[in-house]
Amino acid sequence: MFRMGQEEVEAVRRVVESGELFRVNNALQEADKFEKEWRETIGTDYAILLSSGTGALISALAGLGVGPGDEVIVPGYTFMASASAVLAVGAIPVLAEINETMTLDPADVEKKISKHTKGIIPVHICGYPADLDSICAIAKKHNLFVLEDACQADGGSYKGKRLGSIGDAGAFSFNHWKLLSAGEGGALVTNNRKVYERALIYHDGGAAFRPYTGDLTEPIFMGTQMRSSDIMGAIMRVQLTRMDGIIDDLRRVKAAMKERLAGCDLYKFAPSNDEAGDLGTTLPLQFHDAATARRFADAVNDRIKGTLVADSGKHIYYNWTPLMEHRGSHCDATNPYMLPQNQGLNMEYSDDMLPVTVDLVNRTYHVLLHCDWTEQDIENNAKMVLTICDEIR
């Protein structure tokens, strides 16, 4: 969470005092209004506000028709939800390498495509735009969908277009750690009416009784419950008004930090697929070897305001223990790894299966930035990085 204040408090108060917290058939329609504002901001025809970013990914996959017998390619460096969403719809996540941009490597994606591959999930990790030109070209060549995981990149862009609007669908997260936040929450966007309708039905187990049912052309099926409340909608409407200002300030801070940290011979800045579209939340320092990166991380401890080593223990594939051990569901009968339709698919995982990803994660240090850093904060944090680099030479 970057900025939140009295405006969000008043928005919540307005909903609570109305007595209409449920988003369906109420007078305020905060969630409905946010969806309209979000799709206009991102530049898509449709948007759904959901209870989480993971829910957005799962609903998008359901909307895209993914199920048992399908493989979906995801990077080995992301939060586990990118892969668990694939399992949630009964399909198999196939892990692929990242490259120096810390995003999905298009060359390895192409190597991992099989006759069972249904789609690709590029992840805009830490706000870094993935190489969407290459990934979308590969997808078009092989008739695959592209689902952008923009859960860590609310409001970022790629070559002038907002992230999430370029693939067949996009997913966002609004949990506590994201650029925009309601504590929890997420959104799905798409330009495809069929994907939208199927995701709408899937995310709301009461879809058969909703006012929008008459507008749907897709048959109603049994979904789940990932609805938002109108409280979430109200908070997110205020958060959205803050978004561009937050991004502008983050990009200013990142540019200033890069200027001060340029020239150190122990690291380089990780390359970007679109530096102008980078969200600005994170500055990746790529050290020449893992040992130096570890010495740097050990020296930092809590000496720099807001930092994170790339290998947080959560975002590297070999720590996704349930996935690595094929525990894809609560019972064997619904475990995608045990379904007869998935036998013969690419589900062999090992700790050393993505050596490039492991190397990059082990030698990349992410400096987390904040939009409210002053010039003195920037100067102090940059000086500390350089001081530590001198200490570990």
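Throughout, residue positions are numbered sequentially from 1 according to the sequence presented.
Of the possible polar contacts, none joining the E110 side chain to the P106 backbone as a donor-acceptor pair under 3.5 Å is found. With hydrogens and angles ignored, the 3.5 Å screen pairs no side-chain donor or acceptor of D70 with any backbone N or O of T117. Under a 3.5 Å cut-off, the side chain of D108 and the backbone N or O of L95 do not form any donor-acceptor pair. In this structure, D377 contributes its side chain and T374 its backbone to a donor-acceptor pair below 3.5 Å. Here the side chain of N362 pairs a donor or acceptor atom with the backbone of V358 at under 3.5 angstrom. Side-chain atoms of E8 come within 3.5 Å of backbone atoms of G5 as a donor-acceptor pair (strictly under, hydrogens ignored). Proximity of a side-chain donor or acceptor of R260 to a complementary backbone N or O of A256 within less than 3.5 Å is detected. The main-chain N or O of E218 is found under 3.5 Å from a side-chain atom of E197 such that the two form a donor-acceptor pair. Looking at T364, its side chain never comes within 3.5 Å of a backbone N or O of V361 through a donor-acceptor pair. For D274 (side chain) and K159 (main-chain N/O), a donor-acceptor pair under 3.5 Å exists by modelled atom type.
The closest side-chain donor-acceptor pair between N273 and T103 falls under 3.5 angstrom. Donor-acceptor pairing under 3.5 Å is lacking for the side chains of K383 and N380. Using modelled atom types and a 3.5 Å distance limit, the side chains of N192 and T190 yield no donor-acceptor pair. If you check the side chains of H124 and E148, you find a donor sitting under 3.5 Å from an acceptor.
In this structure, D230 CG and M232 CE are separated by 10.5 Å, a value rounded to the nearest 0.5 Å. Here the CD1-OG distance, from I92 to S114, works out to 11.5 Å after rounding to the nearest 0.5 Å. Note: F174 CZ to L180 CG = 6.0 Å, rounded to the nearest 0.5 Å. With values rounded to the nearest 0.5 angstrom, Y77 atom OH is found 10.0 Å from L360 atom CG. With rounding to the nearest 0.5 angstrom, the OG atom of S82 is 6.5 Å from the CD1 atom of I121. Distance check, rounded to the nearest 0.5 Å: CG of D168 to SG of C136 gives 7.5 Å.
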- prompt: Given L216 and R193, is the side chain to side chain contact (heavy atoms under 4.5 Å, CB included) satisfied, shown in steps?
  reply: CA-CA 9 Å; L216 301 182; R193 178 71 188 184; 4.2 Å; yes

task: Mind running side chain to side chain donor-acceptor pair (under 3.5 Å) on D133 and Y158 for me, showing each step along the way?
output: CA-CA 9 Å; D133 280 348; Y158 179 79; 3.3 Å; yes

- request: Assess whether side chain to side chain contact (heavy atoms under 4.5 Å, CB included) is satisfied between V72 and V66, documenting all intermediate values.
  value: CA-CA 9 Å; V72 179; V66 180; 4.0 Å; yes

message: Show, in sequence, the C-alpha distance, side-chain angles and deciding distance for V74 and V94, and conclude whether the side chain to side chain contact (heavy atoms under 4.5 Å, CB included) test is met.
response: CA-CA 6 Å; V74 301; V94 174; over 6 Å; no

message: As a quick check of understanding, evaluate side chain to side chain donor-acceptor pair (under 3.5 Å) for S51 and E184, giving each step before the final call.
response: CA-CA 7 Å; S51 57; E184 288 287 1; over 6 Å; no

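Between K118 and E71 there is no salt bridge, since no side-chain N of the basic residue sits under 4.0 Å from a carboxylate O of the acidic one. Ion pair K36/D32 not flagged as a salt bridge, since none of the NZ, NE, NH1 or NH2 atoms sits closer than 4.0 Å to an Asp/Glu carboxylate oxygen. Salt bridge status for R393 with D265: present, with a side-chain N to carboxylate O gap under 4.0 Å. Ion pairing between E97 and K111 fails under the 4.0 Å rule for side-chain N and carboxylate O. Looking at D372 and R252, no side-chain N of the basic residue comes within less than 4.0 Å of a carboxylate O on the acidic one, giving no salt bridge. Remark: R14 does not engage E10 in a salt bridge, criterion side-chain N to carboxylate O under 4.0 Å. The pair K258-E275 counts as a salt bridge, with a side-chain nitrogen and a carboxylate oxygen less than 4.0 angstrom apart. The pair R23-E35 counts as a salt bridge, with a side-chain nitrogen and a carboxylate oxygen less than 4.0 angstrom apart.
In this structure the side chain of L50 never reaches within 4.5 angstrom of the side chain of S228, judged on heavy atoms. Residues D131 and L104 have side chains not in contact (no heavy-atom distance under 4.5 Å, counting atoms from C-beta outward). With a 4.5 Å cut-off on side-chain heavy atoms, L28 and S18 count as touching. The side-chain heavy atoms of F145 and V195, taken from C-beta on, include no pair separated by under 4.5 Å. Put simply, the side chain of M347 reaches to within 4.5 Å of the side chain of N342, judged on heavy atoms. Between P122 and L132 the shortest side-chain heavy-atom distance falls below 4.5 Å. Counting only heavy atoms from C-beta outward, the side chains of I98 and V356 never approach each other to under 4.5 Å. A 4.5 Å side-chain heavy-atom check between S165 and V189 finds every atom pair outside the cut-off.
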Do any side-chain atoms of residues 198-208 form donor-acceptor pairs under 3.5 angstrom with protein atoms, and if so which ones, sequence neighbours left out?
| residue | atom | partner | partner atom | Å |
| --- | --- | --- | --- | --- |
| R198 | NE | A62 | O | 3.2 |
| R198 | NH2 | A62 | O | 3.2 |
| H203 | ND1 | L200 | O | 2.8 |
| D204 | OD1 | G206 | N | 2.9 |
| D204 | OD1 | R210 | NH2 | 3.2 |
| D204 | OD1 | R227 | NH1 | 2.7 |
| D204 | OD2 | R210 | NE | 2.8 |
| D204 | OD2 | Y212 | OH | 3.3 |

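The two atoms that bring V238 and A11 nearest to each other are CG2-CB, 3.8 Å, heavy atoms only. Smallest separation of non-hydrogen atoms from P336 and L87: CG-O, 3.3 Å.
A tilted orientation is assigned to the rings of F287 and F296, their planes being inclined by 30° to 60°. Note on ring orientation: taking the six-membered ring where Trp is involved, the planes of F2 and H370 are tilted (angle from 30° to 60°). Between W320 and Y317, the ring-plane angle classifies as perpendicular under the 30° and 60° cut-offs. Note: F79 and H315 have tilted aromatic rings, judged against thresholds of 30 and 60 degrees for the angle between ring planes.
Cluster annotation: W38 is connected to I247 through the hydrophobic network of ILVMFWY side chains, with a link wherever side-chain heavy atoms come within less than 4.5 Å.
Shown are Y128, Y267, F269; of these, the ring pair (Phe, Tyr, Trp, His ring centres under 6.0 Å) with H366 is made only by Y128.
For NZ of K33, the number of neighbouring non-hydrogen atoms (other residues, nucleotides, ligands) closer than 6.0 Å is greater than 12. Annotation for D390: atom CG counts as buried by contact number, over 12 foreign heavy atoms lying within 6.0 Å.
Among pairs with a residue in residues 278-287, those fulfilling side chain to side chain donor-acceptor pair (under 3.5 Å) read K254-D278, at least two apart in sequence or across chains.
Partners of D351 under the side-chain contact (heavy atoms from CB on, under 4.5 Å) rule, at least two apart in sequence or in another chain, are Y318, M324.
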